[in-house]
Amino acid sequence: MFTGIIESVGKVKSMQPTGGDIRLTVESDDLDFGDVQLGDSIASNGICLTVVEFGSNYYAVDVSRETIARTALEELKAGHIVNLEKAMLPTTRFGGHIVAGHVDGVGVVSKLQQDARSIYIEIEIPQELAHYTATKGSITVDGISLTTNLVRDNIVCLNIIPHTAQVTNIAKHWLVGNKVNIEVDIVARYLERLLNKSQPSGMNTSNPQSQITEGFLADNGFMK
């Protein structure tokens, strides 16, 4: 589990094809490798990946074809900057929101312009993910926990403060047309599941149906 608060950035050292998969190696002089062990998870641009090799300032991960197909990872090249976050500890301050590191889809930066000292950005996300987003809700973009200003159909509007732009890959790499990894708020997925009144086959149908409805959620402040 992650929070979407980026710990540091790293630089892609290599993207080595290996038997149909990819061995990704990332260097970082800022990430603390003191507590990293083989098998640990590091979110790289929002993708939860397993460390298979590491040193004092680098780590390597194997990326499956499934992950390559469902993320923007294939866009990376040697020298690209990526956002890094180690899996959270029980003692970690929860500064962002619940992030699983499981990318739901790939978005495209459709607008980017200066807005006073911040950067105004619009991202077009896959249509099937749009109903999981909400104005002033949470979304993870390239591993960064962000608050949506506004949602128009499948366009997510964001304002990036100078600090966030500088300590992530936004200021260095985001341009109109760039692909980015999107993870929607996991709470929205669970709410959708609760709202689904169908029961799996084999379930004891004598149990009462869930009393959680759209009206109930609206009355209790979960929907606006």
Side-chain angles (χ1 to χ4, degrees), residues 1-107 123 138-146 160 163-174 178-186 189:
M1 182 182 293
F2 307 91
T3 67
I5 303 300
I6 302 305
E7 293 184 62
S8 67
V9 294
K11 182 181 293 186
V12 175
K13 181 180 180 181
S14 64
M15 296 274 291
Q16 180 182 355
T18 307
D21 298 333
I22 290 177
R23 171 69 62 91
L24 167 65
T25 303
V26 177
E27 295 178 319
S28 176
D29 293 325
D30 298 320
L31 189 69
D32 179 11
F33 286 90
D35 60 351
V36 173
Q37 299 183 36
L38 291 179
D40 281 357
S41 297
I42 297 180
S44 310
N45 269 7
I47 311 166
C48 178
L49 297 170
T50 301
V51 174
V52 297
E53 180 186 331
F54 71 96
S56 60
N57 72 334
Y58 81 95
Y59 69 94
V61 294
D62 287 328
V63 187
S64 69
R65 286 185 291 180
E66 170 73 7
T67 299
I68 295 167
R70 290 183 174 270
T71 69
L73 187 141
E74 206 166 29
E75 301 283 307
L76 295 180
K77 294 179 174 58
H80 276 196
I81 302 299
V82 292
N83 300 317
L84 306 179
E85 182 188 357
K86 294 184 292 186
M88 67 180 295
L89 301 172
T91 55
T92 303
R93 178 178 292 174
F94 210 126
H97 71 282
I98 300 172
V99 177
H102 303 155
V103 174
D104 293 302
V106 175
I123 298 176
S138 296
I139 193 168
T140 307
V141 185
D142 267 2
I144 311 165
S145 173
L146 297 171
I160 311 298
H163 173 77
T164 302
Q166 291 301 320
V167 300
T168 66
N169 65 352
I170 294 175
K172 301 174 182 68
H173 281 308
W174 284 24
N178 276 17
K179 294 180 179 180
V180 288
N181 295 315
I182 301 294
E183 181 183 335
V184 297
D185 191 350
I186 194 170
R189 285 199 173 277

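Computed from a predicted structure; not experimentally measured. For the single chain, residues carry numbers from 1 onward in sequence order.
- At least one donor-acceptor pair under 3.5 Å links the side chain of T168 to the backbone N or O of T164.
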T67 vs I47, test: side-chain contact (heavy atoms from CB on, under 4.5 Å). Steps then yes/no. CA-CA 8 Å; T67 299; I47 311 166; 3.7 Å; yes
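- Contact of the E7 side chain with the L31 side chain is registered, since non-hydrogen atoms from C-beta on lie closer than 4.5 Å.
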Start with the C-alpha distance between V12 and V82, add both sets of side-chain angles, then the distance that settles side-chain contact (heavy atoms from CB on, under 4.5 Å), and finish with yes or no. CA-CA 7 Å; V12 175; V82 292; 3.9 Å; yes
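- Taking 4.5 Å as the limit, some side-chain heavy atom of E27 sits within range of a side-chain heavy atom of Y58.
- V51 has its side chain within reach of I42: a pair of non-hydrogen atoms, C-beta onward, lies under 4.5 Å apart.
- Side-chain contact between F54 and L38 is present, with heavy atoms from C-beta onward closer than 4.5 Å.
- Rounding to the nearest 0.5 Å gives a distance of 11.0 Å between CG of L49 and CD1 of I22.
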CA sep, side-chain torsions, deciding dist, call: R70, D104, salt bridge (Lys or Arg N to Asp or Glu O under 4.0 Å): CA-CA 7 Å; R70 290 183 174 270; D104 293 302; over 6 Å; no
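- Minimum interatomic distance between V9 and V167 (heavy atoms only, all atoms of both residues): CG1-O, 3.5 Å.
- Note that NE2 of H102 and CG of N181 are 13.0 Å apart. Values are rounded to the nearest 0.5 Å.
- By the neighbour-count criterion of 12 heavy atoms within 6.0 Å, atom CE of M15 is densely surrounded, having more than that number from other residues, nucleotides or ligands.
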Salt bridge (Lys or Arg N to Asp or Glu O under 4.0 Å) evaluation trace for E74 with K179: CA-CA 10 Å; E74 206 166 29; K179 294 180 179 180; over 6 Å; no
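- Nearest heavy-atom pair across D21 and R65 is OD1-N, 3.4 Å.
- Counted by atom type alone, T3 and E85 present one or more donor-acceptor pairs between their side chains at under 3.5 Å.
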Decide yes or no on side-chain contact (heavy atoms from CB on, under 4.5 Å) for N45 and N169, but give the supporting numbers first. CA-CA 9 Å; N45 269 7; N169 65 352; 3.4 Å; yes
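- Checking Y59 against S28 by side-chain atom types alone, no donor-acceptor pair falls below 3.5 Å.
- Using a 4.5 Å heavy-atom cutoff, the side chains of I182 and V141 are in contact.
- Between H97 and T140, some side-chain heavy-atom pair lies under the 4.5 Å cut-off.
- Taking all atoms of both residues into account, the shortest heavy-atom contact from S41 to F2 is CB-CZ, 4.1 Å.
- Between L76 atom CG and S14 atom OG the span is 11.5 Å, to the nearest 0.5 Å.
- Atom CG of D29 is surrounded by 12 or fewer heavy atoms from other residues, nucleotides or ligands within 6.0 Å.
- Between L84 atom CG and D32 atom CG the span is 12.5 Å, to the nearest 0.5 Å.
- Heavy-atom minimum distance, K13 versus A78: O-CB, 3.8 Å.
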Trace of the side-chain contact (heavy atoms from CB on, under 4.5 Å) decision for E183 with V99: CA-CA 8 Å; E183 181 183 335; V99 177; 3.4 Å; yes
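- Contact between A60 and R23 at its shortest, heavy atoms only, is CB-CD, 3.8 Å.
- Counting heavy atoms from C-beta on, the side chains of L73 and L24 come closer than 4.5 Å.
- Going from atom CG of D185 over to atom OG of S138 covers 5.5 Å, rounded to the nearest 0.5 Å.
- If you take NE2 on H173 and CG on N178, they are separated by 9.0 Å, rounding to the nearest 0.5 Å.
- Annotation: side chain of T50 is not in contact with side chain of V61 (no heavy-atom distance under 4.5 Å).
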